[in-house]
Structures are given as C-alpha cells and as structure tokens.
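If you're wondering where the values come from, they're calculated on a predicted model, not measured in any experiment. First listed ligand is number 1; within each ligand, the first listed atom is number 1.
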Amino acid sequence: MNHSSSTKTVPSTGLMPKHIAIIMDGNGRWATKRFLPRVAGHVKGVDAVRGIVEACIKRDIQFLTLFAFSSENWRRPADEVSLLMRLFVTALEKEVKKMHDNNIRLKIVGDLSRFDLSLQEAIHQAEQLTAANTRLTVTVCANYGGRWDILQAMNKVVANGQLAGEITEEMLEAQLSMAYAPEPDLFIRTGGETRISNFLLWQLAYTELFFTETFWPDFNAQSLDEAIASYQSRERRFGRTSAQVTDVQV
Ligand code: IPE
Ligand code: IPE
Ligand code: MG
C-alpha cells in the first residue's frame, strides 16, 4: 500500500500517533556517567528497545522506527563499531522469534551491502519470517542515512526509465526505503541533542518533533507517554490556519 502525501490531509493529533520514529541517542553518555565502558550503554539500550516495543503494542501504535546505526557511525573507533555489529547479530538471534510470536513485522532498512554476508542473510531471514505479521511494524534503520535514501530512490526512478516527463513526489516516494509505511507522526530524539543527524529527511517534512534529555537506556513506557502527550497537545496545520483545521475536523 502506498501511504504517500500524508501532509495533504489533516490527521487529528488527539489520537494515538500511527507512526513513531526515534533516534536512540545517549547510550555512551549513560555509561560514562556510571564509569562504565560505552558498550555497557549499548547493551542497556537493547533492553530499552524491548520495553518500548512492548509499550507500543499496548498503545496500539502501528509503526515504530528506530535509528540504530547511521551511515556516519562507521567513523567511530573500530572496536565500538564491531561491538555494535555483534550486538545487532545477537539481538536478531534472540529477539526475532519472540517478535514473530507477538505478531510483529520486522524490517531493516539502510545500505545493507556494507554488512557481513552472514548478517545480511540473518536480516533477510528475519524479514521473511515476520513479513505477514500485522500487529506492529518495527523498522530498524541500520547503516541508514536520509540522503542515501533519497539518492537510492532517485537512482531507482532513473533505472526504471521513468524519466520521460518530470519526476513527481509520488514516483520518488514509491522508491524510498520505507514506502510501506506512512510518514512518521511523532519523532523522538533522546540524549539531549536537538538535531536530525541525517535520519529520515524526506519523511520528517511535517512530523511533530520531540526532544528529551533522557538518555536512551533510561527511556521507558512513561517517557513514551510524555512524548505522546506532547504530541496530542499540538495542532497539525500543514500550512493551513488554525481556523481551517478546526473546520476540517468538525
Ligand atoms: C546512540 O548512542 C547509539 C548509536 C549511535 C549506535 P551514542 O553511542 O551516540 O551515545 P552518546 O551520544 O555517545 O552518549
Ligand atoms: C545518531 O546518533 C544515530 C543513531 C542514534 C543511530 P549519533 O550520536 O551518532 O548522532 P550525532 O553524530 O551525534 O549527531
Ligand atoms: Mg550520540
């Protein structure tokens, strides 16, 4: 199904967001504050993911998208990168069956070609296994970059020979790596930084943004509720006036 052009209609923010996208930041600082190695923060971060997935299911959220590793994170020290990869592999091994049992569909998006073949294979199998699940779609963005996503979509449009006329938003959106999901309603970044860091650039055009100082390993169901409450207190206008939006909703 194509969910593009979500900004053309005005969804009510009083409802639960359908799609929440999160930059899970602050693992390193969480650990450093406790005189632990940074990796301890990443390990705790995986536990936090488990908690938030569960919380999203309880709240009937349909799409949860998590930024796990950016295309820029290769710049980190080699031992931290390889540890993050190992954690990713272990988490896949441990969690996929449980996710499947809970009717969760798992998607991994990003430039996967840079990962070991065995990891690529594990990703492929996890996606295959859970493809028909309907309760919640969890997308993990790995070696993902918003600019990469727009460029790979553009290259596909070109390769498909669709360039006879002008490129439309619809043509490009159909090739974005998350074309299966509506654009995020709510974006959350933990860890105190107030930037997008090359996350979903195209898709965040009209998303409501929420930033919190809480480090990712401490982010729990209550923190999620605070973000959702903030979202629900806002008015999404998509360029219209407040009076227009109120008219549309009555
Ligand atoms: C986010 O936490 C996890 C990844 C980027 C993989 P960080 O590792 O960026 O934690 P800080 O920002 O250094 O505290
Ligand atoms: C963004 O976090 C990427 C992920 C959470 C995976 P970073 O901590 O790498 O972001 P910057 O580089 O500080 O902006
Ligand atoms: Mg960080």
Before you tell me yes or no, could you show the steps for Arg29 and Lys33 under side chain to side chain contact (heavy atoms under 4.5 Å, CB included), namely the whole-Å CA-CA distance, both residues' side-chain angles and the distance that decides it to 0.1 Å? CA-CA 6 Å; Arg29 281 164 287 159; Lys33 211 175 85 183; over 6 Å; no
For Ser118 and Asp116, what are the C-alpha separation, side-chain angles and deciding distance, and is it a side-chain hydrogen bond (donor to acceptor under 3.5 Å, both in side chains)? CA-CA 5 Å; Ser118 58; Asp116 285 352; 4.7 Å; no
Can you tell if the side chain of [X] reaches within under 4.5 Å of the side chain of [Y], non-hydrogen atoms only?
{"X": "Phe211", "Y": "Thr190", "result": "no"}
{"X": "His19", "Y": "Gln62", "result": "no"}
{"X": "Asn102", "Y": "Met99", "result": "no"}

Through direct or indirect side-chain contacts below 4.5 angstrom among Ile, Leu, Val, Met, Phe, Trp and Tyr, which residues connect to Leu87? Val39, Val43, Val46, Leu83
Numbered atoms and elements of ligand 1 in range of His42, under 4.0 angstrom, heavy atoms: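 Near His42, meaning under 4.0 Å from one of its heavy atoms, ligand 1 has 3 (C), 8 (O).
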So which heavy atom on Phe199 is nearest to which on Ala21, and how close?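 Residues Phe199 and Ala21, closest heavy atoms: CE2-CB, 3.9 Å.
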With 2.8 Å as the limit, jot down which protein N, O or S atoms are around the Mg ion (ligand 3).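 The answer, once waters are left aside, is Asp25 OD1.
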Once you measure the plane-to-plane angle for Tyr144 and Phe67, does it fall in the parallel (<30°), tilted (30-60°) or perpendicular (>60°) bin? perpendicular
Could you label the plane-to-plane angle of the Phe115 and Trp74 rings as parallel, tilted or perpendicular, counting under 30° as parallel and over 60° as perpendicular?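 Aromatic pair Phe115/Trp74 classed tilted.
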ring-ring contact (aromatic ring centres under 6.0 Å, His included) involving His42 - partner list, sequence neighbours excluded: none
Does ligand 2 have any N/O pairs with the protein under 3.5 Å, and how far apart?
unit_1: ligand 2; atom_1: 8 (O); unit_2: Asp25; atom_2: OD1; d: 3.0
unit_1: ligand 2; atom_1: 8 (O); unit_2: Arg76; atom_2: NH2; d: 3.4
unit_1: ligand 2; atom_1: 9 (O); unit_2: Asn73; atom_2: ND2; d: 2.9
unit_1: ligand 2; atom_1: 9 (O); unit_2: Arg76; atom_2: NH2; d: 3.2
unit_1: ligand 2; atom_1: 10 (O); unit_2: Arg189; atom_2: NH2; d: 3.3
unit_1: ligand 2; atom_1: 13 (O); unit_2: Arg195; atom_2: NH2; d: 2.9
unit_1: ligand 2; atom_1: 14 (O); unit_2: Arg195; atom_2: NE; d: 2.7
unit_1: ligand 2; atom_1: 14 (O); unit_2: Arg195; atom_2: NH2; d: 3.4
unit_1: ligand 2; atom_1: 14 (O); unit_2: Ser197; atom_2: OG; d: 2.6

